[in-house]
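Just so it is clear, the structure is predicted and the values come from calculations on it, not from any experiment. The basis for the numbers below is simple: all heavy atoms, side chains too, and nothing from hydrogens, waters or symmetry mates.
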Amino acid sequence: MKMKKLGLVLTAIACMGMITACGSKDSAKGDSKGEEKKTLVMATNAEFPPYEYYEGDEIVGIDAEFAAAIAEKLGMELKIEDMAFNSILSAVSSGKADLGVAGMTVDETRKKQVDFSDSYYTGRQVIIVKEDSDIAGPDGLEGKKIGVQEGTTGDIYTTDDFGDEAIERYNKGMEAVQALAQGKIDAVVIDDQPAQTFVEQVEGLKVLEAEYAEEDYAIALKKGNTELLEKVNAAIKELKEDGTFDEIVAKYIK
Amino acid sequence: MSLKERFYINFIEDNRWHYIVDGLKVTLLVTFCAVMIGVVLGFLLAIVRATYDKTGRLKIANVLCKVYITIIRGTPVVVQLLIIYFVIFGSVNISKEIVAVLAFGMNSSAYVAEIFRSGIMSVDNGQFEAGRSLGFNYTQTMVHIIMPQAFKNVLPALGNEFIVLLKETSVAGYIALQDLTKGGDIIRSRTFDAFMPLIAVALIYLVMVMIFTKLVELLERRLRNSDH
């Protein structure tokens, strides 16, 4: 009886191993073929206004439009896949998506998994608090409950600075902001632009002048895919030089 | 990256295994407390429903129980969790553990109620009549004759419900509660490795369910011994 059960577990584990092994082999095959692809798949987390968010059924925003412009330069069609933020890099590194465009900051740990394009924007991490809060800057966060979106740089920086116990990780930035508005936490550390949008939508909140950190946004690509990386970098350069990028930004950030 | 390196990055570096261990504690705590609420509340609901079915008494209470069960079973537990956290306790600063225990406990109670009720109704009516003819009143017949048999009948279904509940608590991360699944997710958001954290989390759930199944089996065997 016991042996039977042990055997069952081992078989199950073996099956799991086989499935994953097959999975990675398949994606490797896809790469070596190197045939001309027509669609460019972009992975993003469409809960990050004004970079990417839903307007009706469509995902719009700076990143969405910027990626579309890049795809056009490459003569390809853009397809946007919406997923949880912490799944984006896995999707890119496993080849399920070609680009990860999600207001993503270049970061050393992330670099181990993916390659980054040239930076296309400088973002800031800011602090949202209640209007009557006594927190005035990053120093004031000591000993407070800080809400973040799981896996964002805000999450990683604050965890390093204030320890695990101080951080509450929500799946969505909006949920962290909501928890703040309801007094469940003391502050939210999040990217500058979404912060402005959130504060406009939710009453009684403000963004602190003092920023928490500065960072470079870039596009994530599968490691070793230098051909696409070079094309994307060239496209970024062109779009920045001919003013298209500024136009897109101006459309979403007033 | 070799498997060993990946293991190191995912669990050893920066003491990441803490996310798994702490998460496991939260998962066990929430599940245990939710089971308690689920059984007690579910039992009460089942008593009301069965009493109405058998005697026609407690009509209004029965309607209320039915509405409660319909609502709880008719909506996903993750939505209930979010409603309790962001709507019902919207302006109250309440511990997330309590919110999770309430949500999962209430959710489970609706299923447990129907499991208990099916157990009570499955006991042959002759047993009931026999009890009454021995001079037991309704409550005595229930407690001494029907319930012991009903409990034995529903044990496998009840065990199944607890297994479902244990795994269902994995959505607790929606309210930023760091349970086992969330622990794995946090590691995933740091290392961007899908394989290691997910498989580790899956194996831990699997082992927990296997241990629990064993315990229910033991209990079943013990109860079956009393058949003779």
Go through the structure and list residues passing ring pair (Phe, Tyr, Trp, His ring centres under 6.0 Å) with Y217(A), not counting sequence neighbours. Y51(A)

Does K184(A) reach the main-chain N or O of Y85(B) with its side chain, forming a donor-acceptor pair under 3.5 Å? yes

Enclosure of I60(B) CD1 (heavy-atom neighbours >12, cutoff 6.0 Å): no

Considering only heavy atoms from C-beta outward, does the side chain of L82(B) approach that of E175(A) to under 4.5 Å? yes

Under 4.5 Å, counting heavy-atom pairs only, tell me which of K182(B), Q178(B), R188(B), H18(B) racks up the most with chain A. K182(B)

Distance from S93(A) atom OG to D193(B) atom CG, nearest 0.5 Å? 8.0 Å

Check whether any side-chain heavy atom of T109(A) lies under 4.5 Å from a side-chain heavy atom of R190(B), and answer yes or no. no

Checking heavy atoms, do the side chain of D14(B), its backbone, both or neither come under 4.5 Å from chain A? neither

Heavy-atom pairs under 4.5 Å with chain B, option from I185(A), D155(A), D107(A) with the top count: D155(A)

Region of A181(A) that comes under 4.5 Å of a non-hydrogen atom in chain B: neither

Could you state the interatomic distance from CG (D185(B)) to OG (S87(A)), rounded to the nearest 0.5 Å? 7.5 Å

For K96(A), I'd like to know if atom NZ has over 12 heavy atoms of other residues, nucleotides or ligands within 6.0 Å. no

If one checks every heavy atom of L177(B) against chain A at 4.5 Å, the contacting part turns out to be neither

With rounding to the nearest 0.5 Å, note down the distance linking NZ in K112(A) to OG1 in T191(B). 10.0 Å

Can a donor-acceptor pair be found, under 3.5 Å and without considering hydrogens, that links the side chain of Q182(A) to the backbone of F86(B)? yes

For Y174(B), does the OH atom sit with more than 12 other heavy atoms under 6.0 Å from it, leaving out its own atoms? no

Ranked by heavy-atom pairs below 4.5 Å to chain B, first place among I88(A), T159(A), D164(A), V114(A) goes to D164(A)

Need one label for Y19(B): side chain, backbone, both or neither, based on atoms under 4.5 Å from any heavy atom in chain A. side chain

Within-4.5 Å side-chain heavy-atom neighbours: S189(B) and E150(A): yes

Side chains of residues 93-109 of chain B: which donor-acceptor pairs under 3.5 Å do they make with residues two or more places apart or in other chains?
from, atom 1, to, atom 2, distance (Å)
N93(B), ND2, G183(A), O, 3.4
S95(B), OG, E97(B), N, 3.2
S95(B), OG, E97(B), OE1, 3.2
S95(B), OG, I98(B), N, 3.3
K96(B), NZ, E168(A), OE1, 2.9
K96(B), NZ, E168(A), OE2, 2.8
K96(B), NZ, A176(B), O, 3.3
N107(B), ND2, Q80(B), OE1, 3.0
S108(B), OG, E161(B), OE2, 2.8
S109(B), OG, Y68(B), OH, 3.1
S109(B), OG, M106(B), O, 2.6

